[in-house]
Amino acid sequence: MTGFQDNKALVRQYYDALDAAAAGSIGDAIRPFFADKCLFRGVHPFNDLHGADAIADRVWSPLRKALGSWQRRMDIFFAGATIDGAGWVCSMGHFIGLHDEAWLGIRPTGKLTFVRYADFNRVEDGRIVDSGFFVDIISVMKQAGSNPLPDQTGAEIITPGPQTCNGLLFDAQPPHEAGITLDLINRMIADIVASYGDRMSADTLRKTWHEDMLWFGPSGIGATHTIPRYQQQHQFPFREGFRDFKLNGHIARFAEGNYAGFFGWPNLTLTPTGGFLGMPASNQPTHLRVVDIYRRDGDKLAENWIFIDLPYWLLQQGVDILARNAAIHS
């Protein structure tokens, strides 16, 4: 438990240093918090980076420069250990600021922009040694007036934090609560894997989900509410859009209190059958990098926040939405 609190303190210090630094001095600000050979896994176009300087140069400095008036609005923060004992910290929320300069070729609007993120950091010997960083780039594109995908099945919203407003677990939590949460997540995943190849019944979902569940998907898919509408607006289109589902496992899966999260690199390998996000069928297996963050309410799951590296998935099928967007607006 002390280790978790120490890990949280380190990550919060890292965030404070990052958020206070000017765009040109981020490398100096964050270097003390990272191991020399740290691995950073970021959504496309960041992908795998090594070392604090590369992270600053490729990820943070361009984003800070684009959003000059920077604020971090954190909704969820918790820590835990994976099955191998590694200590991780998860944070989720939005970066906000005035979009005054282009970012990844996305034209500036001069308006307030919300950049949705999820950040995982593994801490070892007082330094960050491994990170997973997901950000909803397509949402930023849409806020700038560019929609690279067909009309989505769910709602396009600024994603809220937990309904209970208690997602910032800065203080230590009762250890047994994490065990309850993680056991529920593991049972839910087992149900999903067992049902690959069919639609998965609502009654199966009800074993681990509240009827009035909230599901906050990435831009391009959207958010939805209640088990029936979740199935209609995400689960059925997703399952009917792929075959040959293969679960690859997770880099990190852990819980604290009634919150849990995981990410994979990639989580899933599957073959498109056509239709999902407007893409045609293919005989080529594709990979999905996914984040899931959960809030448990009692003995079932109540809320789920999802990030999917859709630009990476589309790139595997020959569609570079970032290059296309930059060419259109150049």
Side-chain angles (χ1 to χ4, degrees), residues 83 134 149-155 180-251 253 255 260-310 312-314 316-317 319:
I83 194 169
F134 285 67
L149 299 173
D151 289 343
Q152 61 188 40
T153 51
I180 295 171
T181 303
L182 198 55
D183 177 69
L184 179 61
I185 297 297
N186 290 338
R187 287 191 283 117
M188 180 270 299
I189 293 172
D191 287 342
I192 289 175
V193 173
S195 67
Y196 280 158
D198 61 44
R199 279 189 155 200
M200 189 174 185
S201 72
D203 286 341
T204 300
L205 283 170
R206 290 185 180 105
K207 291 192 294 184
T208 52
W209 292 91
H210 284 288
E211 186 70 26
D212 63 346
M213 64 177 288
L214 283 157
W215 191 88
F216 300 109
S219 190
I221 299 173
T224 189
H225 178 43
T226 75
I227 286 176
R229 205 58 58 90
Y230 160 74
Q231 291 194 294
Q232 175 189 338
Q233 295 179 345
H234 172 63
Q235 188 185 59
F236 293 161
F238 183 81
R239 291 198 170 213
E240 291 164 2
F242 295 99
R243 61 178 172 84
D244 303 330
F245 287 78
K246 178 186 176 184
L247 180 65
N248 300 312
H250 299 126
I251 300 296
R253 185 195 302 177
F262 59 68
F263 81 96
W265 206 253
N267 309 47
L268 291 169
T269 298
L270 24 67
T271 304
T273 59
F276 184 69
L277 299 187
M279 295 299 295
S282 171
N283 291 321
Q284 179 65 41
T286 58
H287 307 292
L288 282 177
R289 302 164 171 172
V290 183
V291 162
D292 277 81
I293 297 172
Y294 301 89
R295 179 178 69 86
R296 173 178 60 85
D297 181 9
D299 62 353
K300 293 185 179 181
L301 299 170
E303 295 184 273
N304 185 194
W305 296 264
I306 299 89
F307 295 75
I308 303 176
D309 189 355
L310 293 178
Y312 172 70
W313 179 74
L314 291 165
Q316 295 170 70
Q317 298 165 88
V319 178

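For the numbers below, each heavy atom of this structure counts, side chains included, while hydrogens, waters and symmetry mates do not.
- Across all non-hydrogen atoms, the minimal contact from Ile185 to Leu301 is CD1-CD2, 3.7 Å.
- Counting heavy atoms from C-beta on, the side chains of Asn267 and His250 come closer than 4.5 Å.
- Here the two rings, on Trp215 and His234, have centers that are under 6.0 Å apart.
- Met279 has its side chain within reach of Val319: a pair of non-hydrogen atoms, C-beta onward, lies under 4.5 Å apart.
- Interatomic distance, CD1 of Ile251 versus CH2 of Trp265, reported as 9.0 Å (0.5 Å rounding).
- Evaluation of the side-chain contact (heavy atoms from CB on, under 4.5 Å) rule for Asp297 yields His210, Arg295, Ala302 as partners, not counting sequence neighbours.
- Side-chain atoms of Thr273 come within 3.5 Å of backbone atoms of Gly241 as a donor-acceptor pair (strictly under, hydrogens ignored).
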Side chain to side chain contact (heavy atoms under 4.5 Å, CB included) between Leu214 and Asn304, worked out: CA-CA 6 Å; Leu214 283 157; Asn304 185 194; over 6 Å; no
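- Thr226 is linked by a side-chain hydrogen bond (donor to acceptor under 3.5 Å, both in side chains) to nothing, counting only residues two or more places apart in sequence or in another chain.
- Here Asp198 pairs with Ser195, Met200, Arg239 under the side-chain contact (heavy atoms from CB on, under 4.5 Å) rule; sequence neighbours left out.
- Heavy-atom minimum distance, Gln284 versus Ser282: N-OG, 2.8 Å.
- For the pair Arg289 and Phe134, the cation-pi test (distance below 6.0 Å, angle within 45°) is failed.
- Residues in residues 261-285 take part in no salt bridge (charged side-chain N to carboxylate O under 4.0 Å, His left out) pair, two or more places apart or across chains.
- Put simply, the side chain of Gln152 gets close to the backbone of Gly154: a donor and an acceptor are under 3.5 Å apart.
- Between Asp299 and Ile180, the closest side-chain pair of non-hydrogen atoms is not below 4.5 Å.
- With sequence neighbours excluded, the residues satisfying side-chain contact (heavy atoms from CB on, under 4.5 Å) with Val193 are Ile189, Tyr196, Leu247.
- At least one side-chain heavy atom of Thr269 sits under 4.5 Å from a side-chain heavy atom of His287.
- One distance of note links CG of Leu270 with OG1 of Thr286; it measures 5.0 Å at 0.5 Å rounding.
- Applying the ring pair (Phe, Tyr, Trp, His ring centres under 6.0 Å) rule to Trp305 yields the partners Phe216; only residues at least two apart in sequence or on another chain are considered.
- Counting heavy atoms from C-beta on, the side chains of Met188 and Trp209 come closer than 4.5 Å.
- The closest side-chain heavy-atom distance from Leu288 to Asp309 is not below 4.5 Å.
- The shortest non-hydrogen separation linking Gln317 to Pro272 is OE1-CG, 3.7 Å.
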Verdict with supporting geometry, Thr224 and Gln233, side-chain hydrogen bond (donor to acceptor under 3.5 Å, both in side chains): CA-CA 7 Å; Thr224 189; Gln233 295 179 345; 2.7 Å; yes
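- Arg206 is linked by a salt bridge (Lys or Arg N to Asp or Glu O under 4.0 Å) to Asp203, Glu211, counting only residues two or more places apart in sequence or in another chain.
- Across every non-hydrogen atom of Pro266 and Asn248, the tightest pair is O-CB, 3.2 Å.
- In terms of the ring pair (Phe, Tyr, Trp, His ring centres under 6.0 Å) criterion, Phe307 has no residue partners (sequence neighbours excluded).
- Tested against Ile306, the residues Val291, Asp292, Ile293 include a single side chain to side chain contact (heavy atoms under 4.5 Å, CB included) partner, Asp292.
- The salt bridge (Lys or Arg N to Asp or Glu O under 4.0 Å) check on Arg243 picks up nothing, with sequence neighbours excluded.
- Annotation: side-chain contact (heavy atoms from CB on, under 4.5 Å) contacts of Asn186 (sequence neighbours excluded): Leu182, Arg253.
- Residues satisfying the ring pair (Phe, Tyr, Trp, His ring centres under 6.0 Å) criterion with Phe276, sequence neighbours excluded, are Phe238, Phe242, Trp313.
- Judged as a salt bridge (Lys or Arg N to Asp or Glu O under 4.0 Å), and not counting sequence neighbours, the contacts of Lys207 are Asp191.
- Nearest heavy atom pair, residue Thr181 against residue Ala260, reads CG2-CB, 3.7 Å.
- Closest approach of Met213 to His225, counting heavy atoms only: O-ND1, 3.1 Å.
- Note: Arg229 CZ to Thr153 OG1 = 11.5 Å, rounded to the nearest 0.5 Å.
- Checked by atom type, the side-chain pair Thr271/Asn283 shows no donor-acceptor distance below 3.5 Å.
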From CA spacing to verdict: side chain to side chain contact (heavy atoms under 4.5 Å, CB included), Thr204, Ile192: CA-CA 9 Å; Thr204 300; Ile192 289 175; over 6 Å; no
